[in-house]
Amino acid sequence: MRLPTVEDIERRIPRPEDFQSRARGTQLTARVGVALGIAFGLCFLTGLWSHAQYDPPGWLPIGPQPTQLYRVTQGLHVLSGIAAIPLLLVKLWSVFPRLFIRPPTSSWRELAVEGLERASIGALVGSSVFMLASGLLNIAQWYPWDFSFRATHYAVAWIAIGSLIVHIAVKLPVIRRGLGAQIDHPEQHLDPDAVARRTVLVGAFASAGLAVLLTAGQTVPFLRRLSVFAVRDGQGPQDLPVNRTAKAAGAVEGATDPAFALEIVVGGRTVTLDRDQLLALPQRTHRLPIACVEGWSRNAVWTGVAVRDLIAMAGGDPASEVTVRSMQTRGAFRTSVLPSQFVEDHRTLLALELNGEPLSLDHGFPCRIIAPNRPGVLQTKWVRQLEVTS
Ligand SMILES: Nc1nc2c(c(=O)[nH]1)N[C@H]1C(S)=C(S)[C@@H](COP(=O)(O)O)O[C@H]1N2
Ligand SMILES: [Mo]
């Protein structure tokens with residue numbers, strides 16, 4: 001038996017001409033590409049914003065106004081990412097045959113240029129697939145990896161956007177030509193078997209639109225019942241979904257301890273208040289959203305004591321930064337830091353009630369933080385201590 005030669009193998013690899021569908025073409029690729037570029041741009045900007053809101057840099061003091069801002073930006077982030085998935089698949093399909101173009105044999109220079117172009121496309125495709133896949137798994141709350149989601153999703157975003165800009169710059173003449181030409185040849189209808197490019201294009205846009213519509217209910221109230229793709233079905237005690245339960249956080253024992261008392265630490269002095277004492281203080285009621293980084297969000301009515309009142313009562317300045325510590329014993333997000341702009345806002349509450357009832361255990365009983373315009377992960381539940389830290 002003869003071993004296959006390189007030529008034998010090469011003959012088996014398809015060539016671009018072997019792909020028959022006439023629906024492919026720059027007219028289609030360019031149009032889908034524009035939509036994908038818009039979705040990626042929106043996703044990138046809202047992602048940067050989320051990163052900044054989670055951990056505001058000193059030069060960008062993000063405050064409690066506008067109340068619903070993070071809800072809107074993070075909703076857009078997740079929805080633009082979802083819309084990008086079908087668009088990316090159609091775009092990859094439309095250029096797939098180009099993968100099989102044989103490397104130029106005429107000169108080393110051409111080979112190098114071709115190699116560089118392919119490497120940049122490799123970086124773009126790889127990083128785009130990574131961004132959409134890791135984002136999708138994140139909103140499904142499935143973390144089958146060891147690396148930090150936030151740091152990695154953020155770092156790869158720069159690779160994706162950088163290679164996207166290079167790609168657009170290199171392809172600009174082709175994009176112009178593709179957009180300038182009619183989507184289908186006017187005589188297309190003469191060939192009854194051919195799928196029109198317009199059909200593929202409309203299909204791509206319709207899938208993106210449908211995916212958005214079926215997910216948007218997790219953040220847009222009147223779409224809730226349509227929202228079969230949404231990760232949170234919107235159900236939960238007291239008409240609010242639960243992100244992590246008290247059991248999962250290992251907080252049940254601390255939260256149900258009858259001897260519970262909140263500690264307020266100001267300048268080394270500690271004031272303690274049990275739940276009845278907290279309830280006896282002046283209560284405030286505000287309608288504020290929980291806006292989870294995973295894209296779901298919901299307004300609710302919260303009642304409790306303003307954090308600034310508690311700090312003032314313990315002898316602190318309401319214009320201070322406050323560190324919040326919870327009774328949680330397992331997993332991340334057991335503490336958060338309230339910058340002074342949030343503490344000063346009288347709507348930043350240590351909430352005791354939700355939608356007119358005492359907080360349920362899973363929503364943070366005996367007391368939790370709720371502040372306007374904060375990423376959900378910083379709305380710490382099962383609070384045991386507030387400390388003025390600067
Ligand atoms: N102590 C503690 N607080 C927490 C969390 C947590 O894991 N531990 N999860 C946060 C996240 S990610 C969100 S979105 C909100 C959700 O609040 P809910 O479960 O009451 O809806 O709580 C936040 N508070
Ligand atoms: Mo969250």
Side-chain angles (χ1 to χ4, degrees), residues 47 50-51 53-55 68 70-75 77-78 135 137-143 148-150 153 218-219 221 224 230-257 260 262-263 286-304 307 322-338 342 348-387:
S50 179
H51 198 73
Q53 277 226 286
Y54 184 81
D55 193 3
Q68 307 278 337
Y70 187 74
R71 189 174 183 205
V72 173
T73 61
Q74 195 59 13
H77 182 66
V78 169
L137 293 179
N138 182 257
I139 62 174
Q141 286 206 317
W142 189 40
Y143 296 84
S148 151
F149 170 78
R150 180 169 171 253
H153 199 68
Q218 64 183 358
T219 177
R224 196 175 301 156
V231 181
R232 294 300 170 296
D233 57 5
Q235 305 300 307
Q238 304 175 314
D239 198 29
L240 184 76
V242 168
N243 198 278
R244 183 184 279 149
T245 62
K247 191 157 172 265
V252 176
E253 207 182 320
T256 55
D257 182 353
F260 163 78
L262 173 78
E263 294 176 2
H286 292 291
R287 190 176 164 79
L288 295 170
I290 291 276
C292 183
V293 63
E294 289 150 5
W296 69 270
S297 62
R298 183 81 71 82
N299 275 315
V301 177
W302 305 88
T303 300
V307 171
V322 170
T323 299
V324 181
R325 300 197 175 87
S326 79
M327 310 180 227
Q328 176 174 340
T329 55
R330 277 199 292 276
F333 316 132
R334 61 184 84 184
T335 69
S336 64
V337 174
L338 281 167
F342 287 89
T348 296
L349 301 179
L350 185 74
L352 304 164
E353 286 184 9
L354 163 57
N355 289 333
E357 294 169 15
L359 275 178
S360 70
L361 191 55
D362 287 337
H363 284 310
F365 181 89
C367 54
R368 69 142 345 134
I369 289 295
I370 180 85
N373 190 31
R374 290 272 280 174
V377 350
L378 304 178
Q379 311 274 33
T380 307
K381 305 196 272 194
W382 316 293
V383 173
R384 68 172 171 82
Q385 188 190 64
L386 302 176
E387 183 183 1

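Side-chain atoms are counted along with the backbone in the values below, which use heavy atoms only and exclude waters and symmetry mates. Residues take their numbers from the sequence shown, with the count starting at 1. Counting starts at 1 for both ligands and their atoms, following the listed order.
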Pair Glu294, Val78 - check side chain to side chain contact (heavy atoms under 4.5 Å, CB included), show working.
CA-CA 7 Å; Glu294 289 150 5; Val78 169; over 6 Å; no
Candidate pair Asp257 and Arg384, rule side chain to side chain contact (heavy atoms under 4.5 Å, CB included), full reasoning
CA-CA 11 Å; Asp257 182 353; Arg384 68 172 171 82; over 6 Å; no
Derivation of the side chain to side chain contact (heavy atoms under 4.5 Å, CB included) call for Ile139 and Trp296
CA-CA 9 Å; Ile139 62 174; Trp296 69 270; over 6 Å; no
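Under the 3.5 Å distance criterion, with hydrogens and angles disregarded, a donor-acceptor pair is assigned to the side chains of Arg325 and Gln385.
Across all their heavy atoms, Ala300 and Leu354 have their closest contact at CB-CD1, 3.5 Å.
The cationic atom of Arg374 (NZ for Lys, CZ for Arg) lies less than 6.0 Å from the six-membered ring centre of Phe342 and within 45° of the ring axis.
Protein residues are said to neighbour a ligand when one of their heavy atoms lies under 4.0 Å from it; for ligand 1 these are Leu240, Pro241, Val242, Asn243, Arg244, Ile290, Cys292, Trp296, Ser326, Gln328, Ala332, Phe333, His363, Arg368, Gly376, Val377, Gln379, Thr380, Lys381, Trp382.
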